[in-house]
Each structure stands twice: as C-alpha cells, then as structure tokens.
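FYI, side chains are in, hydrogens and waters are out, and symmetry mates aren't considered; it's all heavy atoms of this structure. Letters A, B, ... mirror the listed sequences (proteins, then strands); counts begin at 1.
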2 protein chains.
Amino acid sequence: MEIEKINIAIVDDHTLFRQGLVKLLSESNEVNVLFDADNGADMINKLCNHPLPEVILMDITMPVMDGYESTKWLKDNHPDINVLALSMFEEDKPIIGMLKSGAGGYMLKQSKAGDLISAIKGIAHQSFFINELVSGKLLRNIQNNQPVKSQSIGLSANELKFLELCCSDYTYKQIADMMNLSPHTIDNYREALFQKFDVKSRTGLVISALKNELIKL
Amino acid sequence: MEIEKINIAIVDDHTLFRQGLVKLLSESNEVNVLFDADNGADMINKLCNHPLPEVILMDITMPVMDGYESTKWLKDNHPDINVLALSMFEEDKPIIGMLKSGAGGYMLKQSKAGDLISAIKGIAHQSFFINELVSGKLLRNIQNNQPVKSQSIGLSANELKFLELCCSDYTYKQIADMMNLSPHTIDNYREALFQKFDVKSRTGLVISALKNELIKL
DNA sequence: TTCTGATAAGGTATTTATACTTACAAATAT
DNA sequence: ATATTTGTAAGTATAAATACCTTATCAGAA
C-alpha cells in the first residue's frame with residue numbers, strides 16, 4: 001500500500017546545505033519537499049504560491065527574518081504547520097528559544113538522514129517530537145524557572161500572614177479581626193506591601209504575590 | 001559479571017500498594033529497596049537510619065507531607081538523590097508540578113513493572129527520565145503560558161476579557177476604557193461574575209478564577 | 001405580534017479601600 | 001543616654017468598589 005508522503009518545506013540560508021537536503025529528502029519515499037526558502041520573509045512569500053506544508057524545517061540564524069521570528073509568525077498565521085528546528089547549535093539557549101517560539105522539535109544538522117525523517121514523521125503525526133537532545137534541557141528549563149524565594153522581598157511574619165489572608169474574599173476589617181490587630185495596623189501592612197510590590201490596589205498585590213510565588217493558592 | 005543493584009526507597013501512603021511494590025521490585029536483580037515510608041516526614045526520619053538511596057519513588061497525595069513538599073525537601077537537602085514521581089494522575093498539573101518540584105521523571109502506577117525498572121535505571125544513570133507521558137506536557141508548558149480555556153462556567157467573551165483584565169492593578173474605570181465600554185457595563189459584568197463565582201469582592205473573584213484555571217498569571 | 005433574555009448603560013447610596021499624617025511605647029543602635 | 005527604628009494604632013479625606021434599581025435596544029422565541 002502506498003503511504004501518503006509528508007509535505008514539507010525547508011527554510012535555511014545556507015544554499016548548498018539547503019539544496020543538498022532537498023535532494024536527499026526528495027529521494028525518500030516518505031517526505032515530499034514542496035519548496036525551500038532562504039529566510040523567513042522568503043518563506044512567507046512562497047507560502048502564498050504553494051500548497052501548505054505539514055512540516056517546515058527551520059534554521060535559526062538567517063538574514064532578514066531569523067528562525068525565532070519565522071516560527072512565531074507561523075504559529076500566529078498557520079498554527080497547523082509544525083516547525084522542526086534544524087540547527088547546528090546544541091546549546092540550551094537556541095533549543096529552548098526555538099521551542100518557546102513554537103517549534104515542536106529540534107534536530108541537529110549533524111544528524112543522520114534516517115533520524116531526521118523519523119523526526120519529520122513524528123512531528124507530523126503528533127505535532128511534537130522530543131528526543132534526548134531536548135528532553136533534559138526542557139526539564140532543566142522548567143526546574144530552573146523556580147521560586148523567586150521569599151527572601152528576595154523582605155517581609156515580616158505578620159506581613160506575610162496578612163498577605164496570605166489578602167488572597168481571599170475577606171475585607172480588611174475581617175482580616176484585622178482574624179489577626180487580632182487594629183484595622184489601622186492592617187492599613188500599615190497594606191501600605192508597606194503596596195510600596196514593596198509597587199502596586200496601587202489589593203488585586204495588584206495579590207497578583208504580584210502569586211507571580212513571585214510568595215503565596216500558593 | 002554481577003551488576004551493582006540500584007538502591008531505591010519508596011514513599012507512598014497506600015500501604016498495600018507500597019508493600020506490594022517492595023515485594024515486586026525486591027525480586028528484580030536490578031534494584032534493591034532500602035526502605036519504604038508512609039509520607040515525606042516518615043521518609044526524612046528514615047533517611048537518617050538507612051544508607052542513602054540513589055532513587056526515590058514518590059507518590060503525590062500523602063498525608064502530613066505530600067510529594068511536592070517532599071521532593072523539594074530532597075532537592076534542598078539531598079540533591080544527589082533522584083526522585084521518580086509515581087502516581088495515578090495523568091493530568092498536566094500534577095506532572096508539571098512534580099517536575100517543577102524537582103522530580104527527574106514521572107511514571108504512572110498503571111505502568112508495567114518492566115517499564116518502571118527501566119525508568120529507575122534511566123533516572124539513576126542520567127538523573128532524568130523523560131517518557132512520552134511527560135515530553136509533550138513539558139513542551140506545551142514552556143510554549144503555552146496561555147490559559148486552558150475552560151467552558152465549565154459559562155462566560156461570555158466580554159466577561160472573560162473583563163475577568164482577565166481584572167487580574168491586574170487596573171481600576172474598573174481603566175478597564176472600561178480599555179474595553180471601550182461604559183463603567184456601568186463593566187459593573188454589570190462584575191455583578192454577574194460575583195454571582196457566578198459566589199464572591200463579594202474583586203480579590204475573591206480573581207482568586208476563584210485562578211483556582212478554576214480560567215485565567216493564567 | 002408580544003414576550004423574553006442578553007447586552008449596554010444611567011442613577012444613586014453605602015461600604016471598602018486607599019492615602020496621608022500623627023503618635024507612642026518598645027527595642028536597637030550609636 | 002539619646003537617637004533611630006519598628007510595630008502598633010488613631011484621625012481624616014478621597015477614590016474606588018459594591019449594591020440595587022431602572023431604562024433602552026435588539027434578536028430570537030412563543
């Protein structure tokens with residue numbers, strides 16, 4: 001049984017590499033290269049004149065419009081097209097950056113053709129393809145985006161308690177009762193926290209506290 | 001040649017499950033169960049009286065000290081111990097939550113024994129183990145800081161927009177301007193949402209919206 | 001048609017929240 | 001021993017939020 005080929009496009013400014021890749025993949029009976037482009041802007045033009053590809057192989061460093069921008073544009077304008085980043089860089093920054101921009105996978109240019117085709121097939125079917133290269137980096141990325149510790153903004157015990165009670169439907173008067181303090185004292189805490197968090201309302205305070213992970217819901 | 005067994009511990013409050021797992025894994029010639037604990041606090045105690053395990057299998061929901069807290073504690077106090085989350089939940093939230101807390105992998109309790117042992121071996125050698133279950137969620141997590149649009153409480157488009165703008169330092173008047181509506185109309189939205197969420201203040205509304213995951217931060 | 005529900009908006013009264021100023025005792029620092 | 005800071009609390013004034021009530025469209029249903 002004849003399997004439908006996966007339609008792809010290649011965006012890379014290294015002409016020789018790009019054309020070689022076109023040649024190489026064209027020989028495969030699993031993918032079909034619809035077109036190739038020199039950079040993001042070129043790609044946008046050519047998308048109008050060609051059928052939409054399922055997958056786009058995307059380089060990162062390109063003139064005029066680079067891989068990050070191009071990927072973001074695709075996510076906004078053609079969210080169904082899957083982007084597979086294809087680069088020589090194996091550092092955290094470009095990998096995480098491309099994934100954040102919307103790429104569903106990341107392959108190295110030094111990969112074997114078979115692995116690249118596997119990745120293309122994977123991303124076409126699942127809209128993402130996670131390999132060894134990126135899995136660890138992904139994990140480290142979310143683990144490192146971690147708690148801006150409560151020490152960063154010095155809060156007294158009472159201020160913290162007040163802050164927690166603030167994240168609720170209670171009025172300040174009720175909070176004052178709960179903490180066995182005068183509403184005026186609560187008012188002092190409020191003003192101090194407004195200054196420390198640079199906000200002008202209780203809602204802003206609550207949002208900031210949550211963003212800084214000083215309190216949990 | 002005899003291969004060194006991987007020393008592990010199991011933390012889970014479901015006694016039968018835990019003991020069964022101990023039995024099951026003890027029969028393996030690849031892992032060695034040093035001890036098991038009922039919850040995080042119990043684990044901390046037992047860590048003092050036993051050799052340090054290389055890997056700890058960690059449940060999430062436990063009394064006294066849950067999996068998130070326990071994992072964080074381990075990362076702070078024994079950063080060399082690898083935590084493999086082991087839970088029945090396959091939702092995004094617990095998975096991302098455990099990984100953020102410091103777990104190096106996540107396995108479902110409904111996994112096969114062989115897969116669990118593979119994961120234990122993987123995490124012992126690489127300090128992380130990413131499977132199909134988590135890879136997609138990890139990717140979506142860093143790409144998608146968007147709210148998971150939930151239809152659970154019927155909100156109109158404008159109400160939802162208002163709700164989002166509510167999670168801020170803006171006054172209602174400013175929000176009215178942004179939405180090109182009269183402050184009175186905004187007031188209608190507010191009242192409608194107060195009823196739907198059963199709250200009496202903007203802060204309560206914001207908290208409820210966040211808890212219901214109608215809004216992201 | 002008439003009725004109804006959803007949406008937008010005006011009026012007004014009361015309660016909370018916000019802002020700024022002062023005070024005073026206890027703890028700390030100099 | 002005398003300032004200085006810190007935590008507590010009061011007074012007052014204004015702005016914002018909350019609560020209720022009413023009106024006007026408009027679209028679709030009875």
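A straight line from CD of A:Gln195 to C1' of C:dA19 spans 11 Å, rounded to a whole angstrom. One interatomic measurement links the two molecules: CG of A:Asp187 to P of C:dT22, which rounds to 16 Å at whole-angstrom precision. The distance from atom CD of B:Glu191 to atom C1' of C:dT15 is 14 Å, rounded to the nearest whole Å. Atom P of nucleotide C:dA17 and atom CZ of A:Phe162 are separated by 9 Å, given to the nearest angstrom. Atom CZ of B:Arg190 and atom C1' of C:dA17 are 14 Å apart (whole Å). Taking atom CD1 of residue A:Ile186 and atom C1' of nucleotide C:dA19, one finds them 17 Å apart after rounding to whole Å. Residue B:His184 contributes atom NE2, which lies 13 Å from atom P of C:dA13 at whole-angstrom precision. In this structure, B:Asn180 places its CG atom 16 Å from C1' of C:dT7, rounding to the nearest Å.
Geometric assessment of B:Lys109 against the ring of B:Phe17 yields a positive cation-pi assignment under the 6.0 Å and 45° thresholds.
Ranked by how close their nearest DNA chain D nucleotide is to the 5' end, B:Asn188 and B:Lys200 are led by B:Lys200.
Rounding to the nearest 0.5 Å places CG of A:Leu21 at 6.5 Å from CG of A:Leu86.
Electrostatic pairing of A:Asp169 and B:Arg202 does not count as a salt bridge here, judged by no charged N lying under 4.0 Å from a carboxylate O. Salt-bridge annotation for A:Lys5 and A:Glu30: absent, with no side-chain N of the basic residue lying under 4.0 Å from a carboxylate O of the acidic one.
In this structure, A:Asp66 has no salt bridge (Lys or Arg N to Asp or Glu O under 4.0 Å) partners at least two apart in sequence or on a different chain.
Among the protein residues, B:Ser182 comes within range of the sugar-phosphate backbone only, with heavy atoms under 4.0 Å from sugar or phosphate atoms but none that close to a base. Among the atoms of the strands shown, only primed sugar atoms or phosphate atoms (P, OP1, OP2) are found under 4.0 Å from some heavy atom of B:Arg202. When heavy atoms are screened at a 4.0 angstrom cut-off, A:Asn158 is found touching the sugar-phosphate backbone but no base atom.
Distances shorter than 4.0 Å separate none of the side-chain N or O atoms of A:Tyr172 from OP1 or OP2 on C:dT15.
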Pairs of donor and acceptor atoms involving the side chains of residues 45-60 of chain A, under 3.5 Å and at least two apart or interchain, shall be tabulated with distances.
residue	atom	partner	partner atom	Å
A:Lys46	NZ	A:Asp36	O	3.0
A:Lys46	NZ	A:Asp42	OD2	3.4
A:His50	ND1	A:Lys46	O	2.7
A:Glu54	OE2	A:Asn7	N	3.4

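In the model, B:Asn158 has a side-chain atom that pairs as donor or acceptor with a side-chain atom of B:Tyr189 under 3.5 Å.
On the nucleic acid side, DNA chain D has its first and last nucleotide under 4.0 Å of a heavy atom of chain A at D:dT8 to D:dG11, going 5' to 3'.
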